[in-house]
K.L.:
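I'd like to ask some things about the structure below.
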Amino acid sequence: MTSELLQQVRVIDPVSGIDRITDVLIKDGVIGFVADNISDLPNDTHIKNCQGLILGPGLVDLYSHSGEPGFEERESLFSLMQAASAGGFTRINILPDTSPAIDDPSVVAQLLQKSKMLEGQGDISSPISLPLVNLWGAITEKVVGKQMTELADLTAAGVVGFTDGHPWENFALVRRVLEYVQPLGKPIAFYCCNPELKGNGVVREGLDAIRLGLPFIPMSSETSAIAALLELASPIGVPVHIMRVSTARSVELIASAKARGVPVTASTTWMHLLLDTKAVKSYDPSLRLEPPLGNSQDLAALRQAVKTGDIDAIAIDHSPYTYEEKTVAFAEAPPGAIGFELAFPFLWQYLVESGEWTAVELWRALSTRPAECLQQQPSAIAPGQKVEMILYDPQANWKVEKKNLYTLSTNTPWFGQQIQGRVVRTWVSSDRRSSVD
């Protein structure tokens, strides 16, 4: 029997809504007791003084990109899992735009087998316990929006849900997909953007785009696609998830649909909660995102919507690229930035330390609600629960540089800067797979 006592740690649990300082006893990968002062301890219990540290459920990322297979120079599956764990994520969900795409049961089997093997390299007693990996199955072959995949076969192979992660042009196919996926009981997610309205734009329409002299993307490229999807989903009644929400008007459309009883959930990305178009004045290619950063009104609306639950969850959308791929002119750069090891500290600093959100609200948007969007059981810090949690030091100072990162890529606007706050421990029980189904 192995036991560990975390003394006087600040426990934040969005499932029960608690935020208090207490003792937590862990026995053989299970939470034994949560109490103000635990003194009756098993023999050989390891005691850790956790004053000033924060304990919360493991974070859940709805969608991110893996370099492997096909682009291992950007990110291997192992480095992706290490980076996720170092950032506090105990469950990650990989988008299907790999090479080959995750559009065939054989690819699903290969990646799940490798992730299981890598998970075995994690040790419950080590600071880094590697996360549970799930795979999004492609809706269409090669994620190009033309021919539907064998959805039932992918379901049997073990995908967590379905998405292409790319904008759609054929809404007749979207309608057919919604009808086909309904009996499968799996989440289905869409990135809503009208490609024709988007054109060659790289920054959100507005005064900042004019000042920057960059081709712009109108707000309607997102909102028109969201409105169309909601109109299709409503009569069919199949739950849909809207990815990468980035505008205030999109928030209004989603909130209105929820009020009418349309079964819809939604997420925005962490960077869209921290930065707006003013940040693009640096022309840093790492700020070339898809969708682009919104204006200040969008930023405020997104923050409020996540706080209230109109936007259910925060996604990381970790998008690694090599130095050579990203070190080009802003408009030529591939869209995306890394985020696993940076998102939580920056969100904590910008939103919790500022007093705009409570700690429970942030944790809920990064753990409980993402799990619910995936139709999974969220983790909690309560007696009898298998351990799936993280220990966070809000005072830890470190520099965002290559030697301090597990990810193989460095495409982030914060590279080279100091950051405060870091996850110092993750726990993931060895039999956690059964606990999230």
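As the structure is a prediction and not an experimental result, all values here were calculated from the model.
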K.L.:
Check Lys142 with Asp104, please: is the shortest side-chain N to carboxylate O separation under 4.0 Å?
P.N.:
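A salt bridge is absent here (no side-chain N lies under 4.0 Å from a carboxylate O).
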
K.L.:
Look at the side chain of Thr140 and the backbone N and O of Gly145, then say whether any donor-acceptor pair between them is shorter than 3.5 Å.
P.N.:
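A pair under 3.5 Å: yes.
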
K.L.:
Would you mind checking if Glu388 and Arg91 are paired as a salt bridge, meaning a charged N to carboxylate O distance below 4.0 Å?
P.N.:
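A salt bridge links Arg91 with Glu388.
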
K.L.:
Given the side-chain rings of Phe344 and Trp363, with only the six-membered ring counted for Trp, is the space between their centroids under 6.0 Å?
P.N.:
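Ring-ring flag for Phe344/Trp363: true, centres closer than 6.0 Å.
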
K.L.:
Between Glu4 and Lys48 (salt bridge meaning N to carboxylate O under 4.0 Å), is one present in this structure?
P.N.:
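Salt bridge absent between Glu4 and Lys48.
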
K.L.:
Using only heavy-atom distances, determine whether the side chains of Asp23 and Gln8 contain a donor-acceptor pair under 3.5 Å.
P.N.:
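A pair is found: one side chain offers a donor N or O, the other an acceptor, under 3.5 Å apart.
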
K.L.:
Do Arg204 and Asp276 sit within salt-bridge range, that is, some charged N less than 4.0 Å from a carboxylate O?
P.N.:
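Salt bridge flag = no for Asp276 with Arg204.
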
K.L.:
Sub-3.5 Å donor-acceptor pair from the side chain of Lys326 to the main-chain atoms of Ser409, do we have one?
P.N.:
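Side chain of Lys326 to backbone of Ser409: no pair is present.
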
K.L.:
Spell out, as yes or no, whether a donor-acceptor pair under 3.5 Å connects the side chain of Thr45 to the backbone of Pro42.
P.N.:
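Here the side-chain-to-backbone pair exists.
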
K.L.:
With no hydrogens and no angle check, is any side-chain donor or acceptor of Asp103 less than 3.5 Å from a backbone partner on Ala138?
P.N.:
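It does not hold such a pair.
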
K.L.:
Do you know which two heavy atoms are closest between Ala189 and Thr163, and how far apart they sit?
P.N.:
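Looking at all heavy atoms of both residues, the closest pair is O-OG1, 2.7 Å.
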
K.L.:
Between Ser85 and Met81 (side chain of the first, backbone of the second, donor and acceptor by atom type, cut-off under 3.5 Å), is there such a pair?
P.N.:
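No; judged by distance alone, with no hydrogens or angles, the pair does not exist.
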
K.L.:
Sort out for me which residue in Phe89, Phe340, Tyr63, Trp270 forms a ring pair (Phe, Tyr, Trp, His ring centres under 6.0 Å) with His318.
P.N.:
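Single ring pair (Phe, Tyr, Trp, His ring centres under 6.0 Å) partner of His318 among Phe89, Phe340, Tyr63, Trp270: Phe340.
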
K.L.:
Passes salt bridge (Lys or Arg N to Asp or Glu O under 4.0 Å), Asp164 versus Lys146? Steps please.
P.N.:
CA-CA 11 Å; Asp164 275 1; Lys146 302 295 183 184; over 6 Å; no

K.L.:
Using the six-membered ring of Tyr321, assess whether NZ or CZ of Arg74 lies under 6.0 Å from its centre and within 45 degrees of the ring axis.
P.N.:
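The answer is no; the distance or angle limit is not met.
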
K.L.:
Is a side-chain N or O of Asn411 found less than 3.5 angstrom from the main chain of Ser319, in a donor-acceptor match?
P.N.:
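Present.
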
K.L.:
Side-chain donor-acceptor pair under 3.5 Å between Trp348 and Glu353, yes or no?
P.N.:
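Distance-only check passes for Trp348 and Glu353.
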
K.L.:
Could you tell me whether a side-chain N or O of Gln420 sits under 3.5 Å from a main-chain N or O of Pro394, the two making a donor and an acceptor?
P.N.:
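Such a contact is found between Gln420 side chain and Pro394 backbone.
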
K.L.:
Give the C-alpha distance, both sets of side-chain angles, the deciding distance and a yes or no for side-chain hydrogen bond (donor to acceptor under 3.5 Å, both in side chains) between Glu222 and Ser246.
P.N.:
CA-CA 8 Å; Glu222 176 173 297; Ser246 69; 2.6 Å; yes

K.L.:
Backbone N or O of Ile18 within a donor-acceptor pair of the Asp13 side chain at under 3.5 Å?
P.N.:
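Judged by distance alone, no pair lies under 3.5 Å.
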
K.L.:
How would you list, by chain and number, every residue that makes a ring pair (Phe, Tyr, Trp, His ring centres under 6.0 Å) with Trp357, sequence neighbours excluded?
P.N.:
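Ring pair (Phe, Tyr, Trp, His ring centres under 6.0 Å) check on Trp357 returns nothing, list empty.
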
K.L.:
Tell me if a side-chain donor or acceptor on Asp28 pairs with a main-chain N or O of Thr2 at a distance below 3.5 Å.
P.N.:
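Between the backbone of Thr2 and the side chain of Asp28 there is a qualifying donor-acceptor contact (under 3.5 Å).
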
K.L.:
Answer with yes or no whether the side chains of His46 and Ser3 bring together a donor and an acceptor at under 3.5 Å.
P.N.:
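Checked: Ser3/His46 side chains show no N/O donor-acceptor pair below 3.5 Å.
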
K.L.:
Quick check on the 6.0 Å ring-centre criterion: do Tyr191 and Trp168 meet it?
P.N.:
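No - the distance between ring centres of Tyr191 and Trp168 does not fall below the 6.0 Å cut-off.
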
K.L.:
Give a yes or no on whether a salt bridge exists between Glu68 and Lys114, defined as a side-chain N under 4.0 angstrom from a carboxylate O.
P.N.:
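Lys114 and Glu68: salt-bridged.
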
K.L.:
Between Thr412 (side chain) and Trp414 (backbone), is there a donor-acceptor pair under 3.5 Å?
P.N.:
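Present.
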
